[in-house]
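Structure below; questions to follow.
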Amino acid sequence: MTKKITAVYYEKTGLVAEVLAFGECDLPELAPGEVMVEMHAVGINPADVKRIAGKAPAPDGRRLVPGDDGAGVIVAVGQGVSEKRLGQRVWIYMGRLDRDFGTAASHAIVPAERAVPLPDGVSFESGACLGVPAITAHYALFSDGDIAGQTVLIHGGAGGVGSTAVQLAKWGGATVIATVSGPEKAAVAKVCGADHVVNYRSENVIDRVTALTAGAGVDRVVDVAFGVNLPTNLEVLKPNGVIATYSSDADQTPVLPIWQMLRKNVTVHFMIIYTLPQTVLRRSIRDITAALATRDLTPVVSRSLPLREFGQADQIVGRLSGIGNVVLLPDIAV
């Protein structure tokens, strides 16, 4: 029997506020290996807005529900999934991968492995901020092994990924230098555990990082703006250092100074979580859950709004750009 749910959806791409609708939808049938989750909180990521705006293929007449991330309670299980999972609090990652219906709804259906048990005492709002931001931050930090004793430079240290990376880097035993663009963001990065915060609008990042590391430089960079920050990163990076980047919106065709990078033996990880190997995802999920359980990771929620206001997501995310995560609450959670 088809289940009626409420959801945010779109049937064509364009300006988010114009093409998104909110109303009743038919939830797909529960297939073997899947679980149905009653959503209590939904995370918004810049990628959601970009897809709706046309950075992904058009729906071609289909009804698409956005949302990769969220948290809620399992209320039904498909064939092959233990009924012991019924009633389990979970956080969801990659809710839209390979399917038309994501997490921006009262209920979502996802493969069972993408619904991860949420530790006791961790709120649904926090759970909705994991997925894309936390897995991105984890891979950027740990893709080459442990970082204990290293110095890590995290650009955008107050953003959704950045604030999570600061916390996970401290959990992993690193010294953290975070860059920000103003006092409010500096305060967020500090609360998250950054050892040093550099305001790139009022300070020379190269000079400050060089002074903070006594000229040694940093072992690793987590970067939200690869093209813009590349000259700075190459100056402050140690020989054999690593740059892990997940975005370069301001400069999408950066020029690589090959000889400078060769001389330092620089490794660059260009990353997107949707194509990470399962072994990498499993380690990320294990570590993220462990850090949550010990309260070494507490995602920064900058604002919570009703799900029906997803139509203003582009404005919301833009207005709060660089500060934590925006969370939407389905009617059941309002």
Side-chain angles (χ1 to χ4, degrees), residues 3-10 16-17 19-27 35-49 51-52 63-76 87-96 99-110 114-135 159-161 163-164 188 288 292 297-334:
K3 181 177 178 61
K4 298 289 185 180
I5 63 168
T6 55
V8 169
Y9 62 89
Y10 61 105
V16 175
V19 302
L20 273 190
F22 176 79
E24 192 173 81
C25 294
D26 292 332
L27 190 66
V35 296
M36 181 190 298
V37 179
E38 181 182 78
M39 303 302 300
H40 286 248
V42 177
I44 299 179
N45 296 294
D48 295 317
V49 177
R51 290 190 198 105
I52 297 165
R63 177 171 288 187
L64 303 184
V65 174
D68 278 314
D69 300 340
V73 176
I74 293 177
V75 293
Q88 191 175 61
R89 301 169 70 250
V90 295
W91 61 274
I92 294 171
Y93 69 94
M94 298 186 195
R96 256 292 304 278
R99 55 193 57 221
D100 290 347
F101 275 59
T103 58
S106 61
H107 296 75
I109 290 177
V110 296
R114 295 187 206 162
V116 183
L118 190 64
D120 292 340
V122 177
S123 70
F124 289 119
E125 288 86 348
S126 289
C129 300
L130 300 172
V132 170
I135 295 173
V161 175
S163 61
T164 304
V188 172
I288 290 164
L292 283 170
L297 173 60
T298 301
V300 176
V301 178
S302 56
R303 192 167 181 184
S304 297
L305 297 165
L307 177 62
R308 58 174 54 89
E309 294 191 24
F310 199 132
Q312 303 301 316
D314 53 343
Q315 299 175 34
I316 296 166
V317 172
R319 192 162 56 244
L320 299 175
S321 178
I323 302 178
N325 304 272
V326 176
V327 172
L328 298 174
L329 306 177
D331 289 344
I332 189 170
V334 174

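Everything numeric in this text was worked out from a predicted model, so none of it was measured. Count residues from 1 along the sequence.
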Can you tell me if Thr6 uses its side chain to pair, donor with acceptor, with the backbone of Gly23 under 3.5 Å? no

Kindly write out the residues that satisfy side-chain hydrogen bond (donor to acceptor under 3.5 Å, both in side chains) with Asp68, not counting sequence neighbours, or none if the list is empty. Arg51, Tyr274

Residues in side-chain hydrogen bond (donor to acceptor under 3.5 Å, both in side chains) contact with Ser123, at least two apart in sequence or another chain: Ser126

Short side-chain to backbone donor-acceptor contact, Thr103 and Asp69, under 3.5 Å: yes

Contacts of type ring-ring contact (aromatic ring centres under 6.0 Å, His included), residue Phe22, not counting sequence neighbours: none

Taking side-chain contact (heavy atoms from CB on, under 4.5 Å) as the definition, give me every residue that meets it alongside Ala104, ordered by chain and number, with sequence neighbours left out. Val8, Val42, Val65, Pro66, Leu307, Phe310

Closest heavy-atom contact between Arg89 and Gly121? NH1-N, 4.4 Å

Heavy-atom donor-acceptor pair, Ser302 side chain to Ile323 backbone, under 3.5 Å: yes

Indicate yes or no: does Lys4 engage Asp26 in a salt bridge with an N to O separation below 4.0 Å. yes

Check: Leu118 and Val90 side chains under 4.5 Å, non-hydrogen atoms: no

Would you give the length of the straight line joining atom CG of Leu130 to atom CD1 of Ile135, rounded to the nearest 0.5 angstrom? 8.5 Å

One should read off an interatomic distance between Leu328 CG and Ser304 OG, to the nearest 0.5 angstrom, of 8.5 Å

What's the verdict on side-chain contact (heavy atoms from CB on, under 4.5 Å) for Ile288 and Trp91, showing C-alpha distance, side-chain angles and the deciding distance? CA-CA 11 Å; Ile288 290 164; Trp91 61 274; 4.1 Å; yes

Nearest heavy-atom neighbours spanning Asn325 and Cys129: CB-SG, 3.4 Å

Spatial distance of atom CD (Glu38) from atom OG (Ser106) [nearest 0.5 Å]: 8.0 Å

Do the side chains of Leu292 and Pro299 get nearer than 4.5 Å, heavy atoms only? yes

Minimum heavy-atom distance between Met39 and Ala71, given as atom pair plus value: CE-N, 3.5 Å

Is there a side-chain contact between Val73 and His40 in this structure, where contact means two heavy atoms from C-beta onward sitting under 4.5 Å apart? yes

Can you give me the closest heavy-atom contact between Ala105 and Ala7, atom names plus distance? CB-CB, 3.5 Å

For Arg99, the side-chain contact (heavy atoms from CB on, under 4.5 Å) test, sequence neighbours excluded, returns Glu34, Ile109, Pro111, Arg114

Looking only at heavy atoms, which two atoms of Ala41 and Pro330 are closest? And how far apart? N-CD, 4.0 Å

To the nearest 0.5 Å, tell me how far Lys3 NZ sits from Leu27 CG. 7.5 Å

Looking only at non-hydrogen atoms, find the nearest pair between Phe124 and Gly72 and report the distance. CE2-O, 3.4 Å

Hey, does Leu329 have a side-chain heavy atom less than 4.5 Å from the side chain of Pro306? no

At what distance, to the nearest 0.5 angstrom, does CE of Met36 lie from CD1 of Ile5? 8.5 Å

Reported OH-to-CG distance for the pair Tyr10 and Leu64, which is rounded to 0.5 angstrom: 4.5 Å

